[in-house]
Student: 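Here you go, one structure.
Just so you know, these numbers come straight off a predicted model, no measurement behind them.
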Amino acid sequence: MLDPPRPAVTVIRAGEGPRLASGSADYAAALLAPSPPNARRDIYLITAEPGAVKHSEPHAPGTVEHIILSAGRARNTVAGNATELGPGDYMSYPGDQAHDFETLEQGTFAVFVVETR
């Protein structure tokens, strides 16, 4: 018996990842996910409080979602695999699979980017 393939999930914790520093200011940028050719991206600012879990059915084939958790704590589950996120953490995952977002702390907010290819 073969295990089903796990979804392609990327997590970059706050403070990790390559950074490009400016030579003229106290400023650094980290490219978390470059846009692929012919992609459409919708950007959402999410505010959420603990309580019911936000269940999402699979989106169109090829959809990829990106989360940057700005404040609070949350758990994102994709195809049964849960990842807890804290402030500054980044995660990408296939949005064309069932996924859940559970807020674990009051005052949680995040930036969601939905990319359709």
Student: Is there a side-chain contact between P36 and E115 (heavy atoms, below 4.5 Å)?
Tutor: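 Of all side-chain heavy-atom pairs linking E115 with P36, at least one is under 4.5 Å.
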Student: Roughly how far, to the nearest 0.5 Å, is the CD1 atom of I12 from the NE2 atom of H66?
Tutor: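 Atom-to-atom, H66:NE2 and I12:CD1 are 10.5 Å apart.
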Student: Within a strict 4.5 Å, meaning less than it, do heavy atoms of the Y93 and T83 side chains meet?
Tutor: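 They are not in side-chain contact.
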Student: How close do P7 and A79 get, heavy atom to heavy atom, and via which atoms?
Tutor: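 Heavy-atom minimum between the residues: CG-CB, 4.0 Å.
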Student: What distance do E84 atom CD and R73 atom CZ have between them, rounded to the nearest 0.5 Å?
Tutor: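 One gets 4.5 Å once the value is rounded to the nearest 0.5 Å.
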Student: Tell me, yes or no, whether the heavy-atom count around N38 atom CG, taken from other residues, nucleotides or ligands under 6.0 Å, exceeds 12.
Tutor: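 No - once you tally the heavy atoms of other residues, nucleotides and ligands closer than 6.0 Å, there are 12 at most.
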Student: Please determine whether the number of non-hydrogen atoms from other residues, nucleotides or ligands lying under 6.0 Å from atom CD of Q106 exceeds 12.
Tutor: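 For Q106, atom CD is not crowded (no more than 12 foreign heavy atoms under 6.0 Å).
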Student: Give every residue pair that meets the ring-ring contact (aromatic ring centres under 6.0 Å, His included) criterion with at least one member in residues 35-62, sequence neighbours excluded.
Tutor: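 Passing the test, one end in residues 35-62: H59-H99.
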Student: What's the spacing between S70 OG and D89 CG if we round to 0.5 Å?
Tutor: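 CG of D89 is found 11.0 Å from OG of S70.
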Student: Run the side-chain contact (heavy atoms from CB on, under 4.5 Å) test on T108 and T47 for me, step by step, so that the C-alpha distance in whole Å, both residues' side-chain angles and the decisive distance to 0.1 Å come before the verdict.
Tutor: CA-CA 6 Å; T108 295; T47 57; over 6 Å; no
Student: For side-chain contact (heavy atoms from CB on, under 4.5 Å), just list the numbers for D100 and N76, CA-CA rounded to whole Å, side-chain angles, deciding distance to a tenth of an Å, and then say yes or no.
Tutor: CA-CA 6 Å; D100 300 331; N76 201 61; 6.0 Å; no
Student: side-chain contact (heavy atoms from CB on, under 4.5 Å) for I46 and V111? Distances and angles first, verdict last.
Tutor: CA-CA 6 Å; I46 305 298; V111 175; over 6 Å; no
Student: Do L85 and I67 pass the side-chain contact (heavy atoms from CB on, under 4.5 Å) test, and can you show the C-alpha distance, the side-chain angles, and the key distance before you say yes or no?
Tutor: CA-CA 9 Å; L85 301 170; I67 300 171; 4.1 Å; yes
Student: Are V114 and L45 linked, directly or through other ILVMFWY residues, by side chains that come within less than 4.5 angstrom of each other?
Tutor: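 V114 and L45: separate clusters.
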Student: To the nearest 0.5 Å, what is the distance between CG (L69) and CE (M91)?
Tutor: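 Reported to 0.5 Å precision, the distance equals 11.5 Å.
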Student: With rounding to the nearest 0.5 Å, note down the distance linking CD in E49 to OG1 in T103.
Tutor: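 One gets 7.5 Å once the value is rounded to the nearest 0.5 Å.
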Student: Which distance, rounded to the nearest 0.5 Å, do you find between the CG of N81 and the CZ of R6?
Tutor: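 Interatomic distance, N81 CG to R6 CZ, rounded to 0.5 Å: 4.0 Å.
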Student: Over all heavy atoms of both residues, which pair between A98 and P58 is shortest? Give the atoms and the distance, please.
Tutor: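 Closest approach of A98 to P58, heavy atoms only: N-CG, 3.5 Å.
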Student: Please report the closest heavy-atom contact between A82 and T77, naming both atoms and the distance.
Tutor: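 What the structure gives for the nearest pair is CB-OG1, 3.5 Å.
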Student: Does the E65 side chain pair with the main chain of P94, one donor and one acceptor, at a distance under 3.5 Å?
Tutor: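 Answer holds: no.
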Student: Find out whether V113 and D42 are in side-chain contact, i.e. whether some heavy atom of one side chain is under 4.5 Å from a heavy atom of the other.
Tutor: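 No, too far: nothing below the 4.5 Å cut-off.
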Student: Salt bridge check, K54 against E102: does any charged N sit closer than 4.0 Å to a carboxylate O?
Tutor: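 Not counted as a salt bridge, because no side-chain N and carboxylate O are separated by less than 4.0 Å.
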